Amino acid sequence: MAFRAVIFDIGGVLEVTEPMDFDIHWECRLGLERGQLIGRLADVWLAGSIGAITESAFRAAIIDRLALLPDSADELIADIWRQYLGVANKELIAYAKTLRPQYRTGIISNSFVGAREREQHAYGFEDLVDDIIYSHEVGITKPDPEIYAMACARLDVDPHQVIFVDDAQSALEGAAAAGMTTIHHTGNATTIGTLNTLLRNI
């Protein structure tokens, strides 16, 4: 079966991201033991990933659970988003642009409430691909089989017609189980080379 679509992850793929270690700095600043910041907000992180909390409620939880003044909470949130967004993977983004209109293109991202607006402002992903699925908007995350089926339905393709690119092994395993061909992204040269090989051999 010929490939008709390519779907990308965002963080670690279309975005070059650093480790999310903002908590280390803030635990030192607030005099917390290691792991306490993430621990106190564990349910909030989960809720944000599936859209069960608003950005304002997220901010309120940070103020309440970490006993922060509003200005400090805003500073922490800014640090979180800076690490979350990383920087554009310009080479891979440029390559993705060349795939349309010959191929359908999409994104599946395990995200956090507020991600679409910030990533659109920073990188214009809505203009890059045909469809974007953010976990916080649909209430499910990779590797749930439903999220891959949803992507195929929205792109009007069969799973066996899709190449899925991600840097997370669990997400790749979910896509493979759904019937997609997968590429483990470890670097642009390998990913682009593999895509070119697969798309030529149709």
Side-chain angles (χ1 to χ4, degrees), residues 3-23 45 48-51 53-56 58-59 74-143 147-148 150-152 154-155 157 162-172 174-175 180 182-196 199:
F3 291 114
R4 294 184 53 221
V6 180
I7 299 175
F8 297 91
D9 175 44
I10 294 181
V13 179
L14 294 177
E15 293 169 355
V16 179
T17 52
E18 60 185 88
M20 293 287 286
D21 59 1
F22 62 88
D23 54 312
W45 305 125
S49 73
I50 57 172
I53 192 172
T54 63
E55 287 193 74
S56 60
F58 173 58
R59 181 177 182 269
D74 291 339
E75 187 180 348
L76 170 55
I77 291 168
D79 282 350
I80 292 170
W81 281 114
R82 177 181 57 79
Q83 290 195 330
Y84 182 102
L85 293 172
V87 298
N89 185 345
K90 294 180 180 179
E91 183 180 16
L92 192 57
I93 289 172
Y95 177 84
K97 288 179 180 178
T98 69
L99 297 174
R100 299 166 79 188
Q102 184 175 1
Y103 301 99
R104 300 284 285 164
T105 57
I107 285 171
I108 304 175
S109 176
N110 282 356
S111 54
F112 197 83
V113 60
R116 178 184 288 271
E117 296 80 6
R118 288 172 174 84
E119 287 175 332
Q120 176 60 20
H121 176 75
Y123 307 124
F125 288 146
E126 291 176 16
D127 307 307
L128 177 67
V129 297
D130 295 302
D131 185 66
I132 304 177
I133 293 179
Y134 281 107
S135 69
H136 75 274
E137 294 178 344
V138 300
I140 48 175
T141 60
K142 297 175 289 186
I147 205 165
Y148 304 103
M150 183 182 298
C152 290
R154 285 162 58 157
L155 290 174
V157 292
V162 176
I163 302 170
F164 178 74
V165 182
D166 206 305
D167 63 325
Q169 191 61 42
S170 62
L172 292 166
M180 297 178 179
T182 63
I183 296 175
H184 183 192
H185 178 74
T186 57
N188 290 337
T190 300
T191 293
I192 292 171
T194 304
L195 278 167
N196 283 336
L199 295 175

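Remember, it's a predicted structure, so these values are computed and weren't measured experimentally.
The side chain to side chain contact (heavy atoms under 4.5 Å, CB included) test with V165 is passed by exactly one of T182, T194, I183: I183.
Not counting sequence neighbours, the partners of N196 by the side-chain hydrogen bond (donor to acceptor under 3.5 Å, both in side chains) test are Y95. Every residue two or more places apart in sequence or in another chain that forms a side-chain contact (heavy atoms from CB on, under 4.5 Å) with I50 is listed here: A52, T141. Shown here are the side-chain contact (heavy atoms from CB on, under 4.5 Å) partners of V16, two or more places apart in sequence or in another chain: V87, N89. With sequence neighbours excluded, no residue satisfies ring-ring contact (aromatic ring centres under 6.0 Å, His included) with F8. Not counting sequence neighbours, the partners of T191 by the side-chain hydrogen bond (donor to acceptor under 3.5 Å, both in side chains) test are H185. Applying the side-chain hydrogen bond (donor to acceptor under 3.5 Å, both in side chains) criterion to Y134, with sequence neighbours excluded, gives E119. Residues satisfying the side-chain hydrogen bond (donor to acceptor under 3.5 Å, both in side chains) test with S56, not counting sequence neighbours, are T54.
Residues V157 and F3 have side chains not in contact (no heavy-atom distance under 4.5 Å, counting atoms from C-beta outward). Contact of the L128 side chain with the T105 side chain is not registered, since no non-hydrogen atoms from C-beta on lie closer than 4.5 Å.
Taking both residues in full, the closest heavy atoms of F164 and A175 are given as CD2-CB, 3.4 Å, listed atom of the first, atom of the second, then distance. Here the closest heavy-atom approach between residue I163 and residue L195 is recorded as CG2-CD2, 3.7 Å.
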Donor-acceptor contacts, no H, no angles, side chain residues 108-117, under 3.5 Å, sequence neighbours left out:
from : atom 1 : to   : atom 2 : distance (Å)
N110 : OD1    : K142 : N      : 2.7
N110 : ND2    : K142 : O      : 3.1
S111 : OG     : S135 : N      : 3.1
S111 : OG     : S135 : OG     : 3.3
S111 : OG     : H136 : N      : 3.2
S111 : OG     : H136 : ND1    : 2.7
R116 : NE     : E137 : OE1    : 3.3
R116 : NE     : E137 : OE2    : 2.7
R116 : NH1    : E126 : OE2    : 3.2
R116 : NH2    : I132 : O      : 3.4
R116 : NH2    : E137 : OE1    : 2.9

Show me the donor-acceptor pairs within less than 3.5 Å that the side chains of residues 76-83 make with the rest of the protein, sequence neighbours left out.
from : atom 1 : to  : atom 2 : distance (Å)
D79  : OD2    : W26 : NE1    : 2.9
Q83  : OE1    : D21 : N      : 3.0
Q83  : OE1    : F22 : N      : 3.0
Q83  : NE2    : E18 : OE2    : 3.1
Q83  : NE2    : D21 : OD1    : 2.7

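Residue pairs meeting the salt bridge (Lys or Arg N to Asp or Glu O under 4.0 Å) criterion with at least one partner in residues 93-109, sequence neighbours excluded, are R100-D130, R104-D130.
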